[in-house]
Amino acid sequence: MKKRMVKLLAAALCLTLLTGCWQDDGTVPEGDLLPPALPEEEEPEPARAVLPERFALPYMPGQTLDPVTCADGMQQVAASLLYEGLFRLDGALEPEPCLCSGYTYDAENCRYRFVLREGVTFSDGTPLTPNDVRSTLERARNSERYRSRLSGIASISAKEDDAVTITLTGPDTGFPALLDIPIVKAKTEDDVVPVGTGPYVFADGEGGPMLEANPSWWRGGGQPVERIYLVEAADQDTLLYRFTSHDVQLITADLTGAVPVSATGSVVCLDAGTTVMQYLGCNLARLDSQKLRQALWAGINREYVVSAFLSGHGSAAQFPVSPLSPLYPKELETPFALDAFSRMLGESGFAAEEPLVLLVNAENSFKCSIAEYLASSLTEGGLPVEARSLPWEEYLAALAAGEFDLYYGEVRLTANWDLTELLGAWQPLNYGGWNDERTGELLAAYAAAEDRGAAMEALCAYLQEQAPILPLCFKSTSVLVQSEVVEGLTPTAAEAFHNLTECVIHLEGEP
């Protein structure tokens, strides 16, 4: 194929050079100037996919698979096949019941009662109990990964045979979205592979560590393979080597992170939406003009940012809730137009004596490129802006000291879309110093709302009017799979195998 392409390119080059010899009347000069016709060659058959003899995932041996404390990345992928939560998040980042069959909410006392699904057993045959749920959630409340997420819990009790009661410190009608935390059987501290209820169970036999199909899984089977082998990959370089050499067939990756992953060969990339938002924050002490901030809101080409700089691994967003969510108020969106920005900037009466400073973390080249583009675009529209990249510690110090006009921020929001830490007065992520009574009222109304869509729309409409922050996009996470090995996979942010029972895994020698 390569030789044939070289011949075709050579022929095309000859034809290009000959165009200068055509006469004005359109005739061809005398002489044999055209190359002889190339002989017809049969098209080669498409390359056959390299199917593995066994399906394998990377894994860090000796490291815990406890979902509350295990390492991020592929260790979590393996753990997601062993454990399940009361709920799981679907592709729209909405909670769907899993180990929970239903719940009630006492709004007056901010109390939830979650009823466990009947007939669920752990892989060792023992039944799932409310105490197992309580024990896991209590550990999660004190863990680095989940402490912030569960900070609104006042107490957890498991006094009933079939239910767990959780009392909150304040109203939160979206609280079930926080309970996709995997549940394990009550464990000891040194238990690195606790017992779970998931579709697979960990085994360490003669063939090495592996995940074997759980015959007592409450969904009744449907696992695509009986065994998933675990191959050692203690660091990122080893992980990529294992993948490119086909020792493992699937990895997860942040393709726009500070250390982006690249993989060669025939690979399928499947993206899943996340709750990670990138945005511009405003220093309200310096940018105190509402009309100026409104102009900035309108002056960002978010779609271009995602397509040109993130290669489509994200979703453009004008509001601080994922566009994948049914809560996203799409009807409030306004189209980008640079001339509209220039007009609104003129109407604001703002005149910069020197370029505004847009801070960005130097460790992420994607963010730096976006910040440079935004600075250039806004400058072209009439507002001088200078992007300034700083190492992480210096970047944080500058934010804390308020030494910026704008900053390029990233935050992992929770799936109940509580924006209090980002926009509430004196909250830890409110670097711009937004202190607004009406915002506080709207945040509280959303937390308590029965109609969460209407409450979110009201909040977003006000944020669009005031523009204390300028949302850009929500990032995607990526699942990379060797071509033609896994069919029908639809990952989510937390589960590479979200639709496990609908997947087909193709192995060498199988029909």
Side-chain angles (χ1 to χ4, degrees), residues 92-95 105 107-110 112 148-153 168-178 275-285 287-298 300 302 315-334 406-407 409-474:
L93 301 166
E94 286 285 289
Y105 177 50
E108 183 177 352
N109 295 296
C110 302
Y112 280 90
S148 176
R149 182 198 293 199
L150 300 181
S151 61
I153 293 179
L168 306 179
T169 57
D172 184 359
T173 53
F175 181 67
L178 306 183
T275 61
V276 177
M277 181 180 72
Q278 294 187 352
Y279 65 100
L280 294 187
C282 301
N283 186 336
L284 279 304
L287 305 183
D288 58 353
S289 166
Q290 178 184 347
K291 289 187 176 181
L292 170 63
R293 299 195 304 272
Q294 287 177 336
L296 287 169
W297 182 292
I300 299 173
R302 295 165 174 85
S315 301
Q318 294 188 23
F319 305 100
V321 57
S322 170
L324 299 176
S325 169
L327 297 178
Y328 185 82
K330 189 170 181 60
E331 63 281 355
L332 295 180
E333 286 188 337
T334 54
L406 298 162
Y407 70 92
E410 179 175 298
V411 58
R412 182 180 297 277
L413 299 173
T414 49
N416 63 342
W417 307 111
D418 179 5
L419 305 175
T420 303
E421 289 194 355
L422 186 64
L423 294 168
W426 317 114
Q427 291 295 316
L429 300 180
N430 185 358
Y431 295 110
W434 182 242
N435 187 356
D436 176 76
E437 183 178 352
R438 180 58 180 157
T439 300
E441 293 172 351
L442 289 169
L443 288 171
Y446 168 70
E450 291 186 14
D451 187 345
R452 301 179 70 236
M456 176 59 77
E457 182 175 347
L459 173 59
C460 288
Y462 187 71
L463 294 177
Q464 185 180 45
E465 176 187 312
Q466 297 296 322
I469 62 170
L470 313 170
L472 299 175
C473 64
F474 279 82

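Note that the structure is predicted; figures quoted are calculated from it, not measured.
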A.B. asks: Is it the case that the side chain of Gln294 and the backbone of Ala467 share a donor-acceptor pair, with hydrogens and angles ignored and the cut-off at 3.5 Å?
C.D. replies: no
A.B. asks: Go through the structure and list residues passing salt bridge (Lys or Arg N to Asp or Glu O under 4.0 Å) with Glu410, not counting sequence neighbours.
C.D. replies: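 Glu410: salt bridge (Lys or Arg N to Asp or Glu O under 4.0 Å) contacts with Lys367.
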A.B. asks: Determine, step by step, whether Ile469 and Leu463 satisfy the side chain to side chain contact (heavy atoms under 4.5 Å, CB included) criterion, reporting the C-alpha distance in whole Å, the side-chain angles of both residues, the deciding distance to 0.1 Å, and the verdict.
C.D. replies: CA-CA 8 Å; Ile469 62 170; Leu463 294 177; 5.8 Å; no
A.B. asks: Any heavy-atom pair between the side chains of Tyr279 and Leu422 that's under 4.5 Å?
C.D. replies: yes
A.B. asks: What residues form a ring-ring contact (aromatic ring centres under 6.0 Å, His included) with Tyr431, not counting sequence neighbours?
C.D. replies: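 Tyr431: ring-ring contact (aromatic ring centres under 6.0 Å, His included) contacts with Tyr407.
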A.B. asks: Is any side-chain heavy atom of Ile300 less than 4.5 Å from a side-chain heavy atom of Leu280?
C.D. replies: yes
A.B. asks: Looking at residues at least two apart in the chain, or sitting in another chain, which of them share a side-chain contact (heavy atoms from CB on, under 4.5 Å) with Thr334?
C.D. replies: Gln318, Gln464
A.B. asks: So which of Asp436, Leu423, Leu287 actually passes side-chain contact (heavy atoms from CB on, under 4.5 Å) with Pro468?
C.D. replies: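 Among Asp436, Leu423, Leu287, the one meeting side-chain contact (heavy atoms from CB on, under 4.5 Å) with Pro468 is Leu423.
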A.B. asks: Okay, side chain of Arg302, backbone of Cys473: is any donor-acceptor separation there less than 3.5 Å?
C.D. replies: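 Checked: no pair found.
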A.B. asks: Look at the rings of Phe319 and Trp297 and say which category their plane angle falls in: under 30° parallel, 30 to 60° tilted, over 60° perpendicular.
C.D. replies: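 Rings of Phe319 and Trp297: tilted, as their planes differ by 30° to 60°.
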A.B. asks: Only counting residues at least two apart or in another chain, list the ones meeting side-chain contact (heavy atoms from CB on, under 4.5 Å) with Asn283.
C.D. replies: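 Expected list: Ala285, Arg286, Phe404.
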A.B. asks: Quick one: list whatever passes salt bridge (Lys or Arg N to Asp or Glu O under 4.0 Å) with Arg149, sequence neighbours left out.
C.D. replies: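 Expected list: Asp180.
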A.B. asks: Is the shortest side-chain heavy-atom distance between Tyr105 and Glu450 below 4.5 Å?
C.D. replies: no
A.B. asks: Mind checking what makes side-chain contact (heavy atoms from CB on, under 4.5 Å) contact with Thr169, not counting sequence neighbours?
C.D. replies: Ala154
A.B. asks: Rounded to the nearest 0.5 Å, how far apart are CG of Leu442 and CD of Glu457?
C.D. replies: 12.0 Å
A.B. asks: Can you find a pair of side-chain heavy atoms, one from Trp426 and one from Asn435, that are under 4.5 Å apart?
C.D. replies: yes
